[in-house]
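Below: one structure, written as C-alpha cells.
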Amino acid sequence: MKNNQWFVRRLADCNNVTDLRILARRKLPWPIFNYLDGGADDEITLRRNSAAFGDYELLPSQLTDISHIDLKTRVLGCDIDWPVFLSPTGASRLFHHEKEPAVARAANKFGTIYSLSTLGTTTIEEIAAVTNGPKMYQIYVFKDRGITRDFVERCKANSYDAICLTVDTQVAGNRERDLVTGFGVPPDLKLRSILSYIRHLPWSVRALISGGFDMVNVTSSPGVSTEINEGVMAYVNSQFDRTLGWKDIEWLASQWDGPLVIKGIQTVADARKAVDSGATAVMLSNHGGRQLESAPAPVDCIAPIADALGDRLEIICDGGVRRGNHVVKALALGANACSVGRGYLFGLAAGGQQGVEHALGLLRAEVERTLALAGCNSVRNLSKEYVQKR
Ligand SMILES: Cc1cc2nc3c(=O)[nH]c(=O)nc-3n(C[C@H](O)[C@H](O)[C@H](O)COP(=O)(O)O)c2cc1C
C-alpha cells in the first residue's frame, strides 16, 4: 500500500521495509533521519539502486515440489541461514541508543553475518563479546598503515570471520541533505533542526545524558588522529589514504589469511583486479548511492561479473535491497548473497534490536514466499532460468 504514513505508528504496523522507513522518520530528529536516508548530489543513484530491481522479472517454474524451502547458504566462509547479511554502517548510536550490539544480536538470532564498520560506535572487542555469530569487520585504510595492521590483529584476536575493505570512500560524497539540515560534528544548528531536536525529546535527552557517539575503533587505535571536530565527512577527507592501490590489497591479503572482501566494486575489470590481488569476494556496491553519483545500480553489475568471474570469487549485491524479490532476482542473476544497509537501520531507528529483528523477519519471509511462488525450493538452485530483463 502506498502513502501509508498516517497508519504507521508502531513496529506492529510495519509490513515492509518502506513502513519501517516511515517509522524511522517519525522517531529521529530531522538531521539524523536525513543523514541515514540521503544520498549524493541529486540522489539519482540512490533511487536507481532499488528501482533497477524493477527492470527484472521472475519466471516461475510451476508444479515444483515446494513443500520445503531451503534458504541456507554459505558465503565468506560462513554457513548462514538465509542469503542476506548486514552491511557495515558507521555511527549506529545516532539511530538508536542500543546501537551496534543490538544489530549484532539481531543478526545472530537470524543466523546471518553482522558487519562492524571502522566508523562504528562500538569496538571490535565489544561486538565479539555480545555475539558468537558470524561477523565481519569493515576497514577503511588510514594514511598511517599501522592503524590498518592494528585492526587486522584485533580481528584475529577476536575471531572475526572475514574482513572487508571499502574502496569507494577515499573522499567523501556530496551529501547535500546534510548541508541543508546542518548535520555534522559539531552540528550547525538551523532553526528547523533545533525545533526537530526539541520535538524528539527522548532521542535528544538521551543523546545529551549518555552520549556514546565516539568512533571508538578509531579512537582506541594507537597513533590515529581523533580530531573529528570538523565533522565526519571532513575527517574522511583528511584521514583516509587517497593513494590506496591494488598493491595495498595484496598487502592486506598477506596480513589476513581469511575471507577478504572488496566493497565498492562496479566493473568486471575491477572485480578481476580484486581477485588477482587476493580478494575472495566483492561487494557490488556504490555505498548506497552516497558516494559517486550516476554509478551503476549493483543489481545491474551482477550478471557481467558473475559470467566473467563467478567461479573465482563470491559476489555480494549491496544496495537498494528492500524486498525479498530483490534478493531472489540478485541470486538468480549470479550473486551468492545480498547485503542490506538502510533496510536494517530503519528497523534500528524504529525500535532498537526489536526493530532490526522486525526488518530481518519481514525480509526473510518475503524471500521464502518469493522462492515458493517462483517454484524454486532452494536458494542454491536459483539460476538465470528464473529471471529475465524486461
Ligand atoms: C547511515 C549509513 C552509514 C554507512 N556507513 C558505512 C561505513 O561506515 N562503511 C561502509 O563501508 N559503508 C557504509 N555505508 C554503506 C553501506 O555499507 C551499504 O553499502 C549501503 O547502505 C547499501 O545500500 P542500502 O542502504 O540501499 O542497502 C553506510 C550506509 C548508510 C546508510
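Below, all heavy atoms of this structure are taken into account, side chains as well, without hydrogens, waters or symmetry copies. This chain uses plain numbering: 1 for the first residue, then up along the sequence. Counting starts at 1 for both ligands and their atoms, following the listed order.
The proximity of Arg322 to ligand 1, defined as any non-hydrogen pair under 4.0 Å, is limited to the side chain. Only the side chain of Leu345 comes within contact range of ligand 1, with a heavy atom under 4.0 Å; no backbone atom does.
Between Asp19 and Arg10 there is no salt bridge, since none of the side-chain N atoms of the basic residue sits less than 4.0 Å from a carboxylate O of the acidic one. Taking a cutoff of 4.0 Å between a charged side-chain nitrogen and a carboxylate oxygen, Glu43 and Arg177 qualify as a salt bridge. Ion pair Lys384/Asp307 flagged as a salt bridge, since at least one NZ, NE, NH1 or NH2 atom sits closer than 4.0 Å to an Asp/Glu carboxylate oxygen.
By the 3.5 Å distance cut-off applied to N or O atoms, Asp318 is counted among the residues near ligand 1. Between Ser339 and ligand 1, a contact under 3.5 Å exists for no N or O pair. Looking at Pro88 next to ligand 1, an N or O pair under 3.5 Å apart turns up. Backbone and side-chain nitrogen or oxygen atoms of Gly320 are examined, and one is located within less than 3.5 angstrom of a nitrogen or oxygen of ligand 1. Of the polar atoms of Thr89, none of the N or O atoms is found under 3.5 Å from an N or O of ligand 1, judged by distance alone. The shortest N or O to N or O distance between Tyr140 and ligand 1 is under 3.5 Å. Considering backbone and side-chain N/O of Gly343, none are found under 3.5 Å from N/O of ligand 1.
Between His287 and the options Asn49, Thr166, Asp168, Thr45, a side-chain hydrogen bond (donor to acceptor under 3.5 Å, both in side chains) holds for only Asp168. The one candidate from Asn34, Leu94, Leu36 that meets the side chain to side chain contact (heavy atoms under 4.5 Å, CB included) condition with Phe183 is Leu94.
Atom numbering of ligand 1 starts at 1 in the shown order; those under 4.0 Å from a heavy atom of Ser285 are 19 (O). Interface of Thr166 with ligand 1, defined as ligand atoms under 4.0 Å from a residue heavy atom, comprises 10 (C), 11 (O). Close contacts of ligand 1 with Gln138, meaning ligand atoms under 4.0 Å from a residue heavy atom, involve 7 (C), 8 (O), 9 (N), 10 (C), 11 (O). Every atom of ligand 1 with a heavy atom of Leu36 under 4.0 Å away is listed here by number and element: 31 (C).
Looking only at atom types and distance, the side chain of Glu98 has no donor-acceptor partner in the side chain of Gln353 under 3.5 Å away. Checking Asp318 against Ser87 by side-chain atom types alone, a donor-acceptor pair falls below 3.5 Å. Side-chain polar atoms of Gln138 and Ser115 form no donor-acceptor pair below 3.5 angstrom. For Thr148 and Tyr140, the side-chain atoms include no donor-acceptor pair closer than 3.5 Å.
The nearest heavy-atom contact from the protein to atom 5 (N) of ligand 1 is Gly90 N, 2.9 Å. At the top of the distance list for atom 12 (N) of ligand 1, counting protein heavy atoms only, stands Lys263 NZ, 3.0 Å.
Nearest to atom 1 (C) of ligand 1 by heavy atom, out of Arg290, Arg175, Met283, is Arg290. When Cys338, Ser117, Gly341 are ranked by how near their heavy atoms come to atom 21 (O) of ligand 1, first place goes to Gly341.
No donor-acceptor pair under 3.5 Å is formed between the side chain of Lys72 and the backbone N or O of Asp79.
In this structure, Arg154 is not positioned above the aromatic face of Tyr160 in the sense of NZ or CZ being under 6.0 Å from the six-membered ring centre and within 45° of the axis.
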